[in-house]
Amino acid sequence: MVSLDENIFINHIRVKELFDEGVRLSVQEHAEQETKKVGILRAGNTGIAAVDEKGNLEIAGKCHRQTFLRLVGISSEDADYSRELMFDSGRSNEDLWVAVLQRSYKGVILREEEIPIQWTTKAGIPVSGRPDIVLCDNDKKPLRGLELKLVSSMWTARDVLMGRPKGLHVMQAGHYMWKLGVPFELWYTSRVDWSVLGWAQKHYPRYGEPGSEHCEYDDNGLIRKVIPFTQGFHLRFGEKGFIEYTPVGQEDEPWKETIVSAERIEAYYDYVAQIGQTKNLGPRPQNLSSTGEKQNWKFCDYCPLKPTCDAHESDFDTWLEAAKGIVPKAE
């Protein structure tokens with residue numbers, strides 16, 4: 001029998017309030033952890049930098065301005081309620097992968113803090129990172145790395161099924177592959193059904209094409225939905241120094257060369273490391289596919305830093321001061 005005091009306690013439980021407060025505390029905890037990493041560049045912010053034929057600097061991947069702000073302890077990226085829910089699902093995806101692999105893999109599985117990477121830019125700024133999973137032998141010698149991504153949009157699902165890994169993801173996995181010196185695989189996991197209707201249907205694999213095994217079709221061969229799936233990509237450094245990829249399960253197909261190389265990753269971090277001294281913010285980042293095609297949307301259009309860059313990018317000190325006022329939202 002429930003006592004009177006227990007009844008009073010139960011009646012005052014507000015699950016929604018408890019959940020929201022837990023999310024708020026999670027965001028706060030992450031912010032506090034970030035303060036301990038001031039002065040360190042992170043592999044999670046990997047981009048690439050190169051000089052074009054006209055001598056102009058081009059940057060792709062993670063925005064170098066955001067990466068610089070993170071270096072000096074300023075968070076310019078959204079950390080609101082909805083984003084935290086998505087990030088938390090990504091972290092859970094990594095835990096689920098480990099739980100599955102522990103049942104079948106006979107060697108040692110190391111992850112994140114257990115096998116970090118660290119190196120130093122030409123300016124003496126440390127760069128660190130934590131790979132999602134590294135499969136090792138019984139002596140903990142790394143054999144193969146896994147970079148894991150949770151599919152959180154129907155368009156990411158489309159790209160993956162069409163055999164096109166995201167440029168940002170190839171850069172990050174390539175960074176770890178470069179520093180650990182072992183082959184890497186980039187794995188996408190989609191854990192929900194994605195309904196595909198109307199004009200979007202023509203953008204997905206047709207019935208019988210590679211990738212269609214993860215889709216359901218109607219009697220006319222039109223896609224109805226994408227079902228839960230995993231799809232991986234083998235990565236390697238080619239003879240020219242650029243990362244190449246091929247989808248897992250299609251190893252007989254030619255490897256595709258990307259625009260990502262260790263040299264360009266290193267150049268990106270060397271550039272970011274000296275922004276505070278040169279006070280040169282450089283160009284806006286380009287949104288490119290892993291093979292160099294321009295995408296039909298810009299990173300800046302979805303960035304909370306955009307108004308600050310639009311107003312102040314020609315004046316570094318004013319820009320930096322304005323960036324300090326961008327406070328991530330937490331409901």
Side-chain angles (χ1 to χ4, degrees), residues 39-77 119-129 165-179 237-238 240-244 257-323 326:
I40 301 173
L41 290 163
R42 259 64 65 79
N45 281 57
T46 301
I48 58 173
V51 177
D52 66 15
E53 297 175 351
K54 298 180 180 178
N56 298 315
L57 177 68
E58 292 184 336
I59 294 177
K62 188 66 178 181
C63 173
H64 53 292
R65 301 178 182 186
Q66 288 186 344
T67 301
F68 168 74
L69 289 176
R70 194 177 183 190
L71 172 68
V72 297
I74 301 172
S75 176
S76 63
E77 299 180 76
W119 57 282
T120 305
T121 68
K122 293 177 181 177
I125 303 298
V127 183
S128 67
K166 292 288 190 179
L168 277 166
H169 301 161
V170 173
M171 293 172 198
Q172 187 178 0
H175 191 162
Y176 295 130
M177 181 168 65
W178 167 39
K179 287 303 174 181
F237 283 104
K240 299 178 182 178
F242 292 98
I243 292 175
E244 300 173 341
E257 184 179 88
T258 72
I259 58 173
V260 184
S261 69
E263 181 181 8
R264 289 180 173 181
I265 293 172
E266 185 174 19
Y268 171 85
Y269 283 98
D270 282 337
Y271 183 80
V272 173
Q274 49 80 55
I275 287 177
Q277 284 70 47
T278 64
K279 298 188 177 183
N280 181 0
L281 292 173
R284 300 283 179 104
Q286 296 189 53
N287 182 10
L288 304 178
S289 72
S290 60
T291 51
E293 293 83 11
K294 287 188 177 181
Q295 304 300 283
N296 59 6
W297 58 277
K298 297 178 180 179
F299 290 130
C300 296
D301 292 338
Y302 298 88
C303 176
L305 194 62
K306 184 178 187 297
T308 302
C309 290
D310 288 345
H312 306 298
E313 66 182 351
S314 61
D315 183 343
F316 175 83
D317 291 327
T318 303
W319 173 86
L320 182 60
E321 193 62 30
I326 301 175

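Basis for what follows: all heavy atoms, side chains included, without hydrogens, waters or symmetry-related copies. Everything numeric here is computed off the predicted structure, so don't read it as measured data.
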Expected output: side-chain [X] to main-chain [Y] donor-acceptor under 3.5 Å:
{"X": "R65", "Y": "P285", "result": "no"}
{"X": "Y271", "Y": "G282", "result": "yes"}
{"X": "N45", "Y": "K62", "result": "no"}

May I have the list of side-chain donor-acceptor pairs in residues 259-267 shorter than 3.5 Å, sequence neighbours left out?
from : atom 1 : to   : atom 2 : distance (Å)
S261 : OG     : R264 : N      : 3.1
R264 : NH1    : I259 : O      : 2.9

Task: Partners meeting salt bridge (Lys or Arg N to Asp or Glu O under 4.0 Å) with K166 (sequence neighbours left out) - done: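 K166: salt bridge (Lys or Arg N to Asp or Glu O under 4.0 Å) contacts with D159.
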Which atom of [X] lies closest to which atom of [Y], heavy atoms considered:
{"X": "T258", "Y": "S290", "answer": "CB-O, 3.0 Å"}
{"X": "F242", "Y": "E257", "answer": "CB-CG, 3.8 Å"}
{"X": "A273", "Y": "I125", "answer": "CB-CG1, 3.8 Å"}

4.5 Å side-chain heavy-atom contact, [X] and [Y]:
{"X": "F299", "Y": "L168", "result": "yes"}
{"X": "Y268", "Y": "L41", "result": "no"}
{"X": "F316", "Y": "I275", "result": "yes"}

Open item on the list: Please enumerate all residues that pass side chain to side chain donor-acceptor pair (under 3.5 Å) together with K298, with sequence neighbours excluded.
Closed with: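 By the side chain to side chain donor-acceptor pair (under 3.5 Å) rule, K298 matches no residue at all.
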Task: Partner residues of E244 under the side chain to side chain donor-acceptor pair (under 3.5 Å) criterion, sequence neighbours left out - done: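 R236.
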Approximate separation, where rounding is to 0.5 Å, of [X] [atom1] and [Y] [atom2]:
{"X": "L288", "Y": "K294", "atom1": "CG", "atom2": "NZ", "result": "7.5 Å"}
{"X": "I243", "Y": "W178", "atom1": "CD1", "atom2": "CH2", "result": "10.5 Å"}
{"X": "R70", "Y": "T67", "atom1": "CZ", "atom2": "OG1", "result": "8.0 Å"}
{"X": "I74", "Y": "Q66", "atom1": "CD1", "atom2": "CD", "result": "12.0 Å"}
{"X": "H169", "Y": "T46", "atom1": "NE2", "atom2": "OG1", "result": "11.0 Å"}

Task: By side chain to side chain contact (heavy atoms under 4.5 Å, CB included) - contacts of S289 (at least two apart) - done: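 By the side chain to side chain contact (heavy atoms under 4.5 Å, CB included) rule, S289 matches T291, E293, Q295.
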TODO: Could you list the residues that satisfy side chain to side chain contact (heavy atoms under 4.5 Å, CB included) with A322, not counting sequence neighbours?
DONE: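 Checked A322 against side chain to side chain contact (heavy atoms under 4.5 Å, CB included); matches are T308, H312.
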TODO: Report the residue from R284, K306, K279 that forms a salt bridge (Lys or Arg N to Asp or Glu O under 4.0 Å) with E313.
DONE: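 Testing E313 for a salt bridge (Lys or Arg N to Asp or Glu O under 4.0 Å) against R284, K306, K279 leaves exactly one candidate, R284.
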Open item on the list: I want to know whether Y269 and H175 have ring centres closer than 6.0 Å.
Closed with: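 When the ring centroids of Y269 and H175 are compared, they turn out to be within the sub-6.0 Å range.
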